[in-house]
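Right, one structure below, let's go through it.
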Amino acid sequence: MKLSTALLSVSDKTGIVEFAQALSQRGIKLLSTGGTAALLKQAGLTVTEVAEHTGSPEILDGRVKTLHPKIHGGLLGRRDDDIHLNTMKEHNIDPIDLLVVNLYPFRETIAKPGCNFADAIENIDIGGPAMLRAAAKNHGTEAGGVTVVIDPSDYDQVLQEIDANGQTSYALRLKLASKVYAHTASYDGAITNYLTSLADAAPAQETEPARKQWPSVLTVQVQQHQALRYGENPHQSAAFYIDPNAPEGLLGRYRQLQGKELSYNNIADSDAAWECVRTFEAPACVIVKHANPCGVAVAESAIAAYQKAFKTDPTSAFGGIIAFNRQVDLATAQAVSEQFMEVLLAPSYTAEALELLAAKKNVRVLELAIGNGKNDFDIKRVGGGWLVQDPDAFELDTSTLKVVTKKQPTEQQMQDLLFAWNVAKFVKSNAIVFCADGMTMGVGAGQMSRIDSARIASIKAENAGLSLKNSAAASDAFFPFRDGLDVIVAAGANCIIQPGGSIRDDEVIAAADEQGIAMVFTGTRHFRH
């Protein structure tokens with residue numbers, strides 16, 4: 001059963017003219033609508049408009065054009081069912097063997113600044129999903145069925161199979177049908193999230209700050225990018241899914257240049273390193289081990305930043321993830337190659353650097369743009385549910401910093417404090433970070449008490465042979481008692497940055513004044529569990 005008729009109606013017109021030309025050359029009749037039909041006619045193709053095919057004009061400003069028995073009968077009629085075939089013949093319904101449709105750009109529309117409700121509603125496609133679902137349902141059997149295409153990347157394979165067999169294989173039709181239902185589910189999910197967030201919105205009480213309205217039904221759809229050997233541990237199976245609409249700069253947009261496949265832990269740690277390093281404007285290097293930065297530095301060049309970051313904790317850096325926010329050149333590649341690393345991330349690499357790294361066949365080398373994209377939301381799975389929140393993308397306004405001690409920080413101390421604060425944001429709570437001269441000196445992470453994090457950070461510095469004298473320290477949340485501050489000062493810090501907000505702030509401030517150090521409040525905490 002050879003393909004005889006194709007209906008093409010696309011919003012993404014990538015490659016559609018060339019595909020239509022190829023179909024026409026193979027003797028396939030072309031049906032089309034609106035802008036797609038105009039484009040194909042402009043290219044010199046013979047096209048029958050849907051309104052002419054159905055005998056019914058487009059109405060309601062184009063809202064109704066393909067919702068017609070001649071369209072849906074042509075898509076849904078089974079080719080191996082005599083009753084269907086006789087009914088189609090009785091009503092003069094011709095089979096439509098190939099459907100090429102992609103939908104109105106709803107996501108793109110609501111993402112535009114200033115998008116209003118009316119624009120959003122007009123970009124909800126009705127006829128497109130109906131046709132797609134009909135064609136996908138009737139993808140048929142080995143004997144034949146409807147081929148449905150939503151993705152321009154599938155055009156070539158469709159043509160190859162038509163050339164080989166006169167029609168597409170059942171395996172391809174099934175694959176394409178499954179893509180359709182994933183696509184329409186994702187499309188409907190985006191509409192659901194948009195509309196329910198509006199429908200559920202309730203005006204805040206006059207005494208309450210305005211809060212983001214989360215939809216009562218949250219639909220999430222992601223695509224499997226890679227099946228992983230295992231999860232965090234060998235007895236756990238795992239896969240890596242990506243958001244196909246992720247903005248530039250997020251890890252899911254990476255390009256792997258060499259090395260083994262990424263593991264579950266590689267991906268999690270790489271994300272932690274990348275999110276940290278891309279927050280710095282100066283050349284920076286971040287080394288991550290087990291989801292925590294074990295070395296962070298800024299300097300005049302990538303290699304200098306790496307050399308400083310590595311000094312923080314050479315022991316933990318072994319087998320770590322290394323991320324740069326600048327191009328990796330030959331000198332930098334030589335430096336990082338001297339240690340064992342799992343993953344290297346950077347926005348770009350020189351040809352010489354890649355040639356050198358090629359000798360490290362197992363090292364995963366990733367390239368991705370810095371970008372300024374962020375996730376729409378963060379999700380944490382708990383038993384029987386999800387916790388959903390905005391990503392912690394808060395940017396500190398330095399004009400809102402409050403010096404609460406008698407001693408004022410010097411300009412250099414303030415630079416070190418802000419650097420330490422930026423790093424602490426990416427360290428698991430409770431987080432204490434010592435810094436000096438644009439590099440981490442000691443990192444205490446993930447402890448049940450803040451004072452223990454302070455002690456561990458001090459021990460880490462000592463083990464690395466680093467002096468904390470006159471260093472700056474950051475705490476991701478307030479000090480509930482003065483004891484944590486006392487440990488930090490005893491280790492050598494002469495200035496501290498923290499959110500403030502404890503009921504014992506006065507006691508902690510008095511302790512800082514007693515010790516003769518400067519302390520700055522940010523007013524914002526950065527818990528990271």
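In this text, all values refer to a predicted model and were calculated from it rather than measured experimentally. Counting begins at 1 with the first residue of the sequence.
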Would you please test V343 and V365 for side chain to side chain contact (heavy atoms under 4.5 Å, CB included) and show each step? CA-CA 6 Å; V343 184; V365 177; over 6 Å; no

Judged by atom type as modelled, is there a donor-acceptor pair below 3.5 Å linking the side chain of Q256 to the main-chain atoms of R364? no

Looking at the rings of Y181 and H183, which for Trp means the six-membered one, are their centres under 6.0 Å apart? no

Taking the ring centre of each residue, are Y170 and H139 less than 6.0 Å apart? yes

With a 4.5 Å heavy-atom cut-off, do L176 and V158 have their side chains touching? yes

Salt-bridge contact D476-R525 (side-chain N to carboxylate O under 4.0 Å): no

Kindly check if the number of other-residue, nucleotide or ligand heavy atoms within 6.0 Å of CZ (R229) is above 12? no

Would you indicate whether Q224, at its atom CD, is surrounded by more than 12 heavy atoms from other residues, nucleotides or ligands within a distance under 6.0 Å? yes

Measure from the side-chain N and O atoms of D313 to the backbone N and O of G295, and report whether any donor-acceptor pair falls under 3.5 Å. no

Can you check whether S316's main-chain N or O pairs, donor with acceptor, with K289's side chain at less than 3.5 Å? yes

Could you please spell out the steps behind the side chain to side chain donor-acceptor pair (under 3.5 Å) verdict for Q160 and D163? CA-CA 5 Å; Q160 289 169 13; D163 287 342; over 6 Å; no

Side-chain donor-acceptor pair under 3.5 Å between E161 and S169, yes or no? yes

Are more than 12 heavy atoms from other residues, nucleotides or ligands located less than 6.0 Å from atom CD of Q334? yes

Count the heavy atoms belonging to other residues, nucleotides or ligands that lie under 6.0 Å from CZ of R255, then report whether that count exceeds 12. no

Take atom NZ in K425; do more than 12 heavy atoms of anything else shown fall under 6.0 Å from it? yes

Crowded around K137 NZ? As in, over 12 foreign heavy atoms under 6.0 Å? no

Any chance the side chains of D119 and T109 put a donor and an acceptor closer than 3.5 Å? no

Would you please say whether a donor-acceptor pair under 3.5 Å links the side chains of Q157 and D154? no

Could you tell me whether a side-chain N or O of N138 sits under 3.5 Å from a main-chain N or O of G140, the two making a donor and an acceptor? no

Centroid-to-centroid, F240 to Y264, below 6.0 Å? no

Main chain of A445, side chain of N292: is a donor-acceptor contact present, judged purely on distance under 3.5 Å? no

Give a yes or no on whether K13 atom NZ has more than 12 heavy-atom contacts from other residues, nucleotides or ligands under 6.0 Å away. yes

Evaluate the side chain to side chain contact (heavy atoms under 4.5 Å, CB included) criterion for residues L98 and L7: first the C-alpha distance (whole Å), next the side-chain angles of each, then the deciding distance (0.1 Å), finally the verdict. CA-CA 6 Å; L98 172 63; L7 195 165; over 6 Å; no

Determine whether a donor-acceptor pair (N or O, by modelled atom type, separation under 3.5 Å) exists between the side chain of S24 and the backbone of A20. no

For E261, look at atom CD and say whether over 12 heavy atoms of other residues, nucleotides or ligands are found less than 6.0 Å away. no

Can any side-chain N or O of Y306 pair as donor or acceptor with the backbone N or O of S301 at less than 3.5 Å? no

May I ask you to decide if the ring planes of F318 and F340 are parallel, tilted or perpendicular, using 30° and 60° as cut-offs? tilted

Whether F19 and Y155 hold their rings parallel, tilted or perpendicular, with breakpoints at 30° and 60°: parallel

